[in-house]
Amino acid sequence: MEELDGEPVVTLIPGVNSKKQMCFDWGPGEILVCETFFNQKETSEMVPSCPFIHIIRKDVDVYSKILRKLFNESHGIFVGLQRIEEELNGKSRKAQLVRVSKNYRSVIRACMEEMHQVALAGKDGASGHQFSSQVSILSAMELIWNLCEILFIEVAPAGPLLLHLLDWVRLHVCEVDSLLADVLGTGNPSKHESFWNLVTILVLQGRLDEARQMLSREADANPASGDMCHILGDLMRTMPILSPGNTQTLTELELKWQHWREECERHLQDNTFAASPALESLCKIMLGDEATLLEQKELLNNWYHFLVTRLLYSHPTVKPIDLHIYAQSSLDMFLGGESSPEPLDNILMAAFEFDIHQVIKECSIALSNWWFVAHLTDLLDHCRLLQSHNLYFGSNMREFLLLEYASGLFAHHSLWQLGVDYFDHCPELGRVSLELHIERIPLITEQKALKVLRICEQRQMTEQVRSICKVLAMKALRDSRLGSALSWSIRAKDAAFATLVSDRFLRDYCEHGCFSDLDLIDNLGPAMMLSDRLTFLGKYREFHRLYGERCFSGASALLLSLMTSRIAPRSFWMTLLTDALPLLEQKQVIFSAEQTYALMRCLEDLTSRKLECEEPDAQKPQDDDIETTKLEMLRLALARNLARAIIKEGSLEGS
Amino acid sequence: MESICAKFVSQKISKTRWRPLPAGSLQTTETFATGSWDNEDNYVSLWSIGDFGNLDSDGGFEGDHQLLCEIRHGGDVMDLQFFDQERTVAASSTGCVRVFLHHTNHQTLSIHQHAHRGAPCTGIVCDNPEIVTVGEDGRINLFRIDHKEAVRTIDNADSSTLHAVTFLRTPEIVTVNSIGQLKIWDFRQQGNEPAQILSMNGDRVPLHCVDRHPNQQHVVATGGQDGMLSIWDVRQGTMPVSLLKAHEAEMWEVHFHPSKPDHLFTCSEDGSLWHWDASIDIGRSSTFLSQSISNQANVHQSMISSWLSTDPAKDRIEITSLLPTRTLSVNSLDVLGPCLVCGTDAEAIYVTRQLFS
């Protein structure tokens, strides 16, 4: 066993007395818990304990109505991702993977926005609070995912790396946009109380063009500081940055950047901005002065923003490998020993350290659902980043997480269909898990059953197909819908059950003298061969049809062959012989002499056996009377037919 | 087909239906109804694709359908039909048939009437004032909208499950069942026997859906468990006129376009939605005519169905897939004018308003 990473969290179940003995049982996605009477010493005090069985669900987020959209939409992306397999290589593969990652993120974002709308609209505090906490979880997920995308999937090299990180920060610290609109909305922006905050944030985020425009407004409104604003604006304009279409090398960039930096420093030493503390502080920020940056803690919001700003103005060509050094020191500086890092900080830090497994582990612990880790791990696995890591229980991490997620889906009343595709893409344990789960889906309608059957048939899960068909056949039988029961047992190729249903049909026939469900029995086709009894049922019905169509010779041959081939159950022979009576009594001779002998043999066979087994109790005199009359009638008819047949055959041969 | 619009709705959609337009209306339809299945709580919902005020000019809300109102529905919604402009009839897996009244002025739904049976009700068809229902128990019920109890019941109409029903001519209905049979029933006849049985030969493949050609009442299309599309001529023969290889799994619904019957739409468990276009190709119409009207000399050209031709139809029918990506099962679809709506097990509703552009 691997070591535990910390004490597991204790979950108290409301309504269950935790001081008493409890018992539990594992389900596929849930646990059953109830109180027991075990080990109660004071038996006199048999207080009625909690009479309920509790179902404890693991993955609560599955039950959120809005998150369902996330699950459904990401399912499509997941299935699509499994299809871009090996044939793609190099650049196009990477581009595909990045696009998939962006799709996942946009689904998270859409979900987050809807959740946000609901949280705003929610009038009652409790649920509103719940929704806004969901929003912050979703936003953290997107933040982590985005960083992983930059570091692990995009694998941006020095230079572009920083541009990506800047986009990352801009996307997640987005209060500035509403502030910008707010300030620009007033007639005189530079007099707005948040004007300098806004300019500072723009500079912190590296949005220097916008900052410059703001400064030029200040210059217009305040001619006294106009010159200073222009100088700082020029510094902003001339700051060398790597632009995506540019072909300059990193060394060139670094050289230019050094020159620019020296110019900034010169202005600072010359006290160019001494008259305006705000402008001076902006200049210091642009020099990457850590103390000045830390003064803006409130505007920076968090340490990773601090990190990115710091990199922008002091190490613009940072290499991926050095990131973690700056990240760690930024975190330490930003927190300043006042507070300890939160789970999110640890996750981001692990990402900066390129420790994928740590990221996934921390996320699994911190987040309340498996959706995030399962999908992220799967994506990273497609980037071929996780191949070496095997868990101590057989499957690898990707598979383990996917299994957990899919089991959660299967525990849900209606999301189980999504789970199927996830199991399909778990090569090792997916199939067994699917087999276990699929049998436990309650089947209310045939339509649902057909969907489940289709899933099983596509995967050649014959055992499950049989069991589902049997369930449905049993249900139909219980509702006395014999036709349906027979159809299902034929589909399941379940011979024993088909025999059972056929017997019911025959019994009904004996009771009512007519067949039900003719549309089915007349159209059995090759399915008739499933069981002997079913064959008999079909053939016996065929005999009735032939008889009805007055096709007597065919009918008689069929009837006889049913007995001589031993397809007919012996208990049914008497009925068959009785059926032969009208044929024997027809005007023309139908049974040949040979056939009549065969019929007689069958009759003798039957009566001799009856004598053997009915010796112990002969208590039904009335029944016996009817039986004996029947026998006598049969014998008479057979004898007369034999006589006629011999005459006819003899005379035919003679002529 | 660039403008198909998807919306995830957090419930598996079993049925989608456009609200019919008032007779003679020149507008396009704006409202559709959906039913859900396999949720803990199922709903019948009404949606609008109308442009809300002037929002569509920015392109922001165009095409996105908005929920008008919803009402809880006991059991899965197995089938859903508009009875008229205001009333919707829903079949339930509990065996109930419910009529929902839509109060347009305050956008609410209310239950109007229901009748109970035992087994799940699988299909309904409405023709004012009549409602015909079929069920897993193989029974056919005839209701009238103002009566609570069934006016006529055919017990044991089928030994297997009846999957769908539609009107052929007014007193005649056609049903399809799970052993590949198509049965025609005439309510003028007493007794429990169908007027006619047509069946697939061979493997008794279950049939899941049926639709009648809007102009030619003898032409019927069905979809089967193997995803095959069958076209039947109920006037002649007991076997389908043509069998067309279509989907890879159960075909859940088939619909002729109500005003352009040369177009047909099918959807399937395999997650695909297809548009079949059999508009007659002028160049080949002569050969086609000679074959199909040989025994009915005085039929006008426009009356001949392009679906009944017996020559290998593949080169005449153009098939387009309408959904951008494969999803889970597409359970239902409906077409009206230039609009199409479909619902899936992936909990999405797709709508397009430019079918023929």
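- Smallest separation of non-hydrogen atoms from Arg204(B) and Ile490(A): NH2-CG2, 3.7 Å.
- The closest side-chain heavy-atom distance from Trp252(B) to Gln447(A) is below 4.5 Å.
- Residue Ser414(A) comes nearest to Lys12(B) through the heavy atom pair O-NZ, 2.8 Å, listed as atom of the first residue, atom of the second, then distance.
- A side chain to side chain donor-acceptor pair (under 3.5 Å) with Arg454(A) holds for exactly one of Glu248(B), Gln225(B), Glu250(B); it is Glu250(B).
- Using a 4.0 Å cut-off between charged nitrogen and carboxylate oxygen, Lys451(A) and Glu269(B) count as a salt-bridge pair.
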Can Leu482(A) and Ser159(B) be said to form a side-chain contact (heavy atoms from CB on, under 4.5 Å), step by step?
CA-CA 7 Å; Leu482(A) 295 185; Ser159(B) 57; over 6 Å; no
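- Ile179(B) places a side-chain heavy atom less than 4.5 Å from the side chain of Ser487(A).
- Without hydrogens or angle criteria, Glu136(B) side chain to Glu446(A) main chain gives a donor-acceptor distance under 3.5 Å.
- The environment of NE2 in His116(A) is sparse: at most 12 heavy-atom neighbours from other residues, nucleotides or ligands sit within 6.0 Å.
- The CG atom of Leu450(A) lies 5.5 Å from the NE2 atom of His163(B); values are rounded to the nearest 0.5 Å.
- Asn39(B) and Arg68(A) get closest at one heavy-atom pair: OD1-NH2, 2.9 Å.
- Neither the backbone nor the side chain of Trp488(A) comes within less than 4.5 Å of any heavy atom of chain B.
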Going through the distances and angles, do Phe71(A) and Glu347(B) end up as a side-chain contact (heavy atoms from CB on, under 4.5 Å)?
CA-CA 10 Å; Phe71(A) 302 141; Glu347(B) 307 187 344; over 6 Å; no
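- When all heavy atoms of Gln417(A) and Asp345(B) are compared, the pair lying nearest together is NE2-OD2, 2.6 Å.
- When heavy atoms are compared at a cutoff of 4.5 Å, Thr445(A) approaches chain B by way of both its backbone and its side chain.
- In this structure, chain B has a heavy atom under 4.5 Å from the side chain of His75(A), while its backbone stays farther away.
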Check against side-chain contact (heavy atoms from CB on, under 4.5 Å), Thr94(B) and Ile444(A)
CA-CA 9 Å; Thr94(B) 60; Ile444(A) 299 115; over 6 Å; no
